[in-house]
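What's counted below: heavy atoms across the whole structure, side chains too, no hydrogens, waters or symmetry copies. Numbers here simply count residues along the sequence, with the first being 1.
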Amino acid sequence: MEHETEALRGVPLEVRQIRAALVREFVGLLDMGDITTGSTARRERVFLSRALAAKAVQTVADCTAEEAASAVVDGADDQGIDALFVSPATEEMWLIQAKWSEQGTARLDSGAVQQLLHGAEQLFDFRFAQFNAKFQQLVPKVDALLSEAIPRVHLVFATLGDEGLSLEVDDLLRERVREFNQISELLDFRVLGVRDFHATVTRDSLPKPTTVTATLSDGWHLNSTPYQTYLGTVSAEELAGWYEQYGTRLFDQNVRFALGATEVNVTMVDSLLDAPHEFWYLNNGITVLCDSVQVAYVARRAQGQPVRLELSNAQVVNGAQTVASARRAYEQDPQAVAEALVSVRLICLDGAPNDLAQRITRATNTQNHVEARDFAALDPQQEFIRQDLALSLGKSYALKRGGPEPSPAAGCTMTEAALALTCAYPDAALLARYQADGDVLWRRGSGGFYSRLFDNRPGALQIWRSVSVMRQIRDELAVLAASLEGRERVVADRADLLVAHTVFQLIGGDGIDEPGDDWEARGQDAVKRTGEILVALTDHLNASYGQHAFLTRILRDEQSCQHLVSDVLETLRHGAGRRLVAPPRPNRGRRPNTVPLLVQHRIIDDGAQLIYRPSTVTERDAVSEWLSGNPERYLATWVNDARKPLIWALNGRRYSPSSLVMQIWESAEWAEKPAAVQGTTRWHLPGEGTLADLASELLADIEAAGDGPGVE
């Protein structure tokens, strides 16, 4: 990056320092490949604007320069978003808009605000295709966060100026934020100016030592071979002091920072405050890595006697939540925390292999843990259901995590049964609570509804019919979604369980556990109205919350779900809804989605075996050695399910074609694997071709018959 003294003459000192810091930190990290024309001055302005956006990401999200640079999506079709950063650990997302000024006089106008708000609306509507190629690399993280959580979204305006907001812009921002936050706190905004950036680059220039003192009480032990390791206990008060001094810098090498007031962390804080003398028994302890150790004995120089260890460049690689919880508890009751002890493992890396720290971090953060679902699988009621399904209907019922899942025709899992019973439950509030917290299925008492679902001993017919109807509705929605665009497609993709709940209300529960065809007939009639329900639900969503309302948030609000279902049922009773009409598409429009098309027309029989074949030389070279180790690694069984039609022979679990290919790549440890894959081109039906080939042939037959280009 050229940096001419003449060009900077008259530029304020703070701005010059910020500029120099941006150049030092981000040259070589930012993607400038789209700027191929124009003057050198223009290229520098674009670079500095993007570097400012990256620095804003660093400032608000506390990430590395590399992570911040990869968050920059500035360019054509950025929809007003110059950078986007997602934190799955804290369920937060930052949308950055940056304005560079060589003189430090940038201003935030209403047009810039409208641009960023429009980009946010596009995200909440899952219209990712509207964004440029840089953004597409971030789609998996964005989609996962918006689909699986109610995130906190921060709008950040990075302006190299300190004039603040005009009254007009401030009013506009606050009004739009209020619109987004009707149900819960979703959106906020922040403005970063010259003073903020100068404070950041000044702080960045300071040394960041993380030397801490660990005081081991009586009974500690030293392992000198192969790596110097101290095993013992420290005071929780001392851990609180570490966090007060260094904050999240203690966890730079950990897989995640402290997660805040999660249920587990709240329990830890309560334990420290209420029973500090028992905390050692209830906590797994922490693992700390360091570069060197200085030993100072408190009394007698002997192993096991009290000792102070000064740890240079200390990093807590496992136990971040414990350390942060100790600090939160200390702020409430220092005396109680001083009584609590924590197990520690202190490992000195002096003389260790270069990759040892990474291997320790990975191993200590990937150990299995027991979930509430695992305890539910031990309930005698679940064994009763398993026997009832096997004896009454000849169906399998998979209880435990990690075991093979039965094919759709052969049976179901305990989780699928619980979800189907939740959809069939008369109150939509239960479904909203499930979508906010999946573990609520397995908790008893006021905090969960396991008892409501299973304590009345649902019989084999009730469970199997509920699961079958839920599957039919979800498959129908998967097919419908492929023919739709815009809001209706988003609702079909995201609100499938609420649609299923509405269908169950149409059917009613009378006779569901009794042999005969009456309930089955009612069920089939109701399932046929899935499209009608989808349209009515979309219309009521738009009427009540607006066309850009954040759907995930609405689906997790109990009253919203109850009102929507009530309104949809009222519309159906009066026949006032509109018909579902797929938008017209040109003959050369986008192809139909392969899996729903094949499932809809039952092209492949249940139980057919498919083979994974890499489609490129690079892919083959990367995975062939791993695949050859076990033939089950490249085999899968087909089931006619529009969502997850492949059962992997290796573990018996179900996947979509693309997700199974990605799983194979990950298992083969392909370091350079692409971020996405068209899985239907890798799975072959022997003697017939790939899934994509079969779909193409089917589509050609449909078009030849005059039915048009089919669905997307």
Side-chain angles (χ1 to χ4, degrees), residues 11-12 14-15 18-19 22 45-61 68 71-86 92-125 127 130-132 135 142 146 151-201 545-550 553:
V11 174
E14 290 181 339
V15 175
I18 293 170
R19 189 187 200 278
L22 296 179
R45 284 195 301 272
V46 174
F47 169 84
L48 290 168
S49 180
R50 293 179 180 179
L52 190 69
K55 197 63 184 176
V57 171
Q58 255 193 317
T59 300
V60 298
V72 176
V73 297
D74 172 66
D77 297 325
D78 62 21
Q79 306 297 323
I81 300 174
D82 294 330
L84 183 150
F85 188 83
V86 174
E92 291 178 283
M93 179 165 60
W94 290 267
L95 307 182
I96 315 291
Q97 188 176 88
K99 290 191 175 297
W100 171 263
S101 166
E102 200 71 66
Q103 298 297 322
T105 57
R107 295 294 304 273
L108 180 64
D109 57 31
S110 58
V113 171
Q114 294 284 19
Q115 283 183 322
L116 190 57
L117 288 168
H118 174 71
E121 290 173 348
Q122 298 284 76
L123 293 187
F124 297 155
D125 278 349
R127 292 179 177 269
Q130 312 293 324
F131 291 80
N132 59 28
F135 178 89
V142 175
L146 296 179
R152 184 74 179 196
V153 181
H154 311 286
L155 304 182
V156 180
F157 298 92
T159 61
L160 207 65
D162 271 333
E163 294 296 326
L165 298 178
S166 69
L167 184 60
E168 174 191 5
V169 172
D170 187 75
D171 288 345
L172 172 62
L173 267 173
R174 294 185 185 281
E175 177 60 27
R176 294 304 306 278
V177 167
R178 277 195 295 270
E179 293 175 9
F180 277 102
N181 294 343
Q182 291 182 47
I183 296 178
S184 63
E185 292 296 317
L186 169 69
L187 203 65
D188 58 32
F189 70 91
R190 178 180 179 184
V191 179
L192 299 177
V194 169
R195 283 190 287 271
D196 299 296
F197 286 109
H198 189 260
T200 298
V201 300
Y545 304 102
Q547 295 185 356
H548 299 293
F550 185 49
R553 181 183 62 185

Q: At what distance, to the nearest 0.5 angstrom, does CG of D109 lie from OG of S166?
A: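 If I round to the nearest 0.5 Å, the distance is 8.5 Å.
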Q: Whether the side chain of Q97 engages the backbone of A112 through a donor-acceptor N/O pair (distance < 3.5 Å, no angle test) should be reported.
A: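 Judged by distance alone, yes, a pair lies under 3.5 Å.
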Q: Report the distance from atom NE2 of H154 to atom CZ of F189, rounding to the nearest 0.5 Å.
A: 13.5 Å
Q: Is E121 salt-bridged to R176, cutoff N-O under 4.0 Å?
A: yes
Q: Please report the closest heavy-atom contact between P151 and L186, naming both atoms and the distance.
A: O-CD1, 3.3 Å
Q: Is the closest side-chain heavy-atom distance between L84 and I96 below 4.5 Å?
A: no
Q: Determine, step by step, whether L52 and F197 satisfy the side chain to side chain contact (heavy atoms under 4.5 Å, CB included) criterion, reporting the C-alpha distance in whole Å, the side-chain angles of both residues, the deciding distance to 0.1 Å, and the verdict.
A: CA-CA 9 Å; L52 190 69; F197 286 109; 3.7 Å; yes
Q: Could you check whether any side-chain N or O of Q130 sits under 3.5 Å from a backbone N or O of D77, counting only pairs where one atom can act as donor and the other as acceptor?
A: no
Q: Do any N or O atoms from the side chain of Q114 and from the backbone of G111 form a donor-acceptor pair under 3.5 angstrom?
A: no
Q: Roughly how far apart are D170 CG and S110 OG, rounded to 0.5 Å?
A: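 Reported value, rounded in 0.5 Å steps: 13.0 Å.
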Q: Find out whether R19 and L48 are in side-chain contact, i.e. whether some heavy atom of one side chain is under 4.5 Å from a heavy atom of the other.
A: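 Heavy-atom side-chain distance check passes, below 4.5 Å.
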Q: For the pair V153 and F124, evaluate side chain to side chain contact (heavy atoms under 4.5 Å, CB included) and give the outcome as yes or no after the intermediate values.
A: CA-CA 10 Å; V153 181; F124 297 155; 4.0 Å; yes
Q: May I ask you to test the S49-K99 pair for a side-chain heavy-atom distance under 4.5 Å?
A: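 No, too far: nothing below the 4.5 Å cut-off.
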Q: Are N132 and Q79 close enough that some pair of their side-chain heavy atoms sits under 4.5 Å apart?
A: no
Q: Report the relative orientation of the aromatic rings in W94 and F85; use parallel for angles under 30°, tilted for 30 to 60°, perpendicular for over 60°.
A: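 Correct class here is tilted.
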Q: For A158 and A56, work out which heavy atoms get closest and say how close.
A: CB-CB, 3.8 Å
Q: Indicate yes or no: at least one non-hydrogen side-chain atom of V113 is less than 4.5 angstrom from one of F157.
A: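 Answer yes - side chains close enough.
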Q: Give me the atom names and distance for the closest heavy-atom approach of S101 to V15.
A: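 For S101 versus V15, the nearest heavy atoms are O-CG1, 4.1 Å.
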Q: Going through the distances and angles, do V72 and D82 end up as a side chain to side chain contact (heavy atoms under 4.5 Å, CB included)?
A: CA-CA 6 Å; V72 176; D82 294 330; 5.8 Å; no
Q: Under a 4.0 Å threshold between the charged nitrogen and the carboxylate oxygen, would D188 count as salt-bridged to R152?
A: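 Yes, this pair counts.
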Q: Just wondering, more than 12 heavy atoms not from E168 lying within 6.0 Å of its CD?
A: no
Q: I would like to know whether L22 and W100 meet side chain to side chain contact (heavy atoms under 4.5 Å, CB included); could you show each step before the answer?
A: CA-CA 12 Å; L22 296 179; W100 171 263; 3.8 Å; yes
Q: Does any N or O in the side chain of D196 come within less than 3.5 Å of the main-chain N or O of G193, such that one atom is a donor and the other an acceptor?
A: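 Side chain of D196 to backbone of G193: a pair is present.
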Q: Looking at D78 and G75, would you say the former's side chain and the latter's main chain have a donor-acceptor pair under 3.5 Å?
A: yes
Q: Looking at V73, V142, L123, which one forms a side-chain contact (heavy atoms from CB on, under 4.5 Å) with F131?
A: L123
Q: Minimum heavy-atom separation for I81 to A120, with atom names?
A: CD1-N, 4.5 Å
Q: Distance from R174 atom CZ to E179 atom CD, nearest 0.5 Å?
A: 14.5 Å
Q: Indicate yes or no: does E102 engage R45 in a salt bridge with an N to O separation below 4.0 Å.
A: no
Q: Measure across H198 and I18 and return the closest heavy-atom pair with its distance rounded to 0.1 Å.
A: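 In terms of heavy atoms, the two residues are closest at N-CD1, 3.7 Å.
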Q: Between CZ of R178 and CG of N181, what distance do you get to the nearest 0.5 Å?
A: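 Going from CZ on R178 over to CG on N181, the span is 10.0 Å.
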Q: Between R190 and L192, what is the shortest heavy-atom contact and its length?
A: NE-CD2, 3.4 Å
Q: Does any part of the side chain of M93, heavy atoms only, come nearer than 4.5 Å to the side chain of L146, both counted from C-beta?
A: yes
Q: Just verifying a value: how many Å separate T200 OG1 and R195 CZ, rounded to the nearest 0.5 Å?
A: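 These two atoms lie 13.0 Å from each other.
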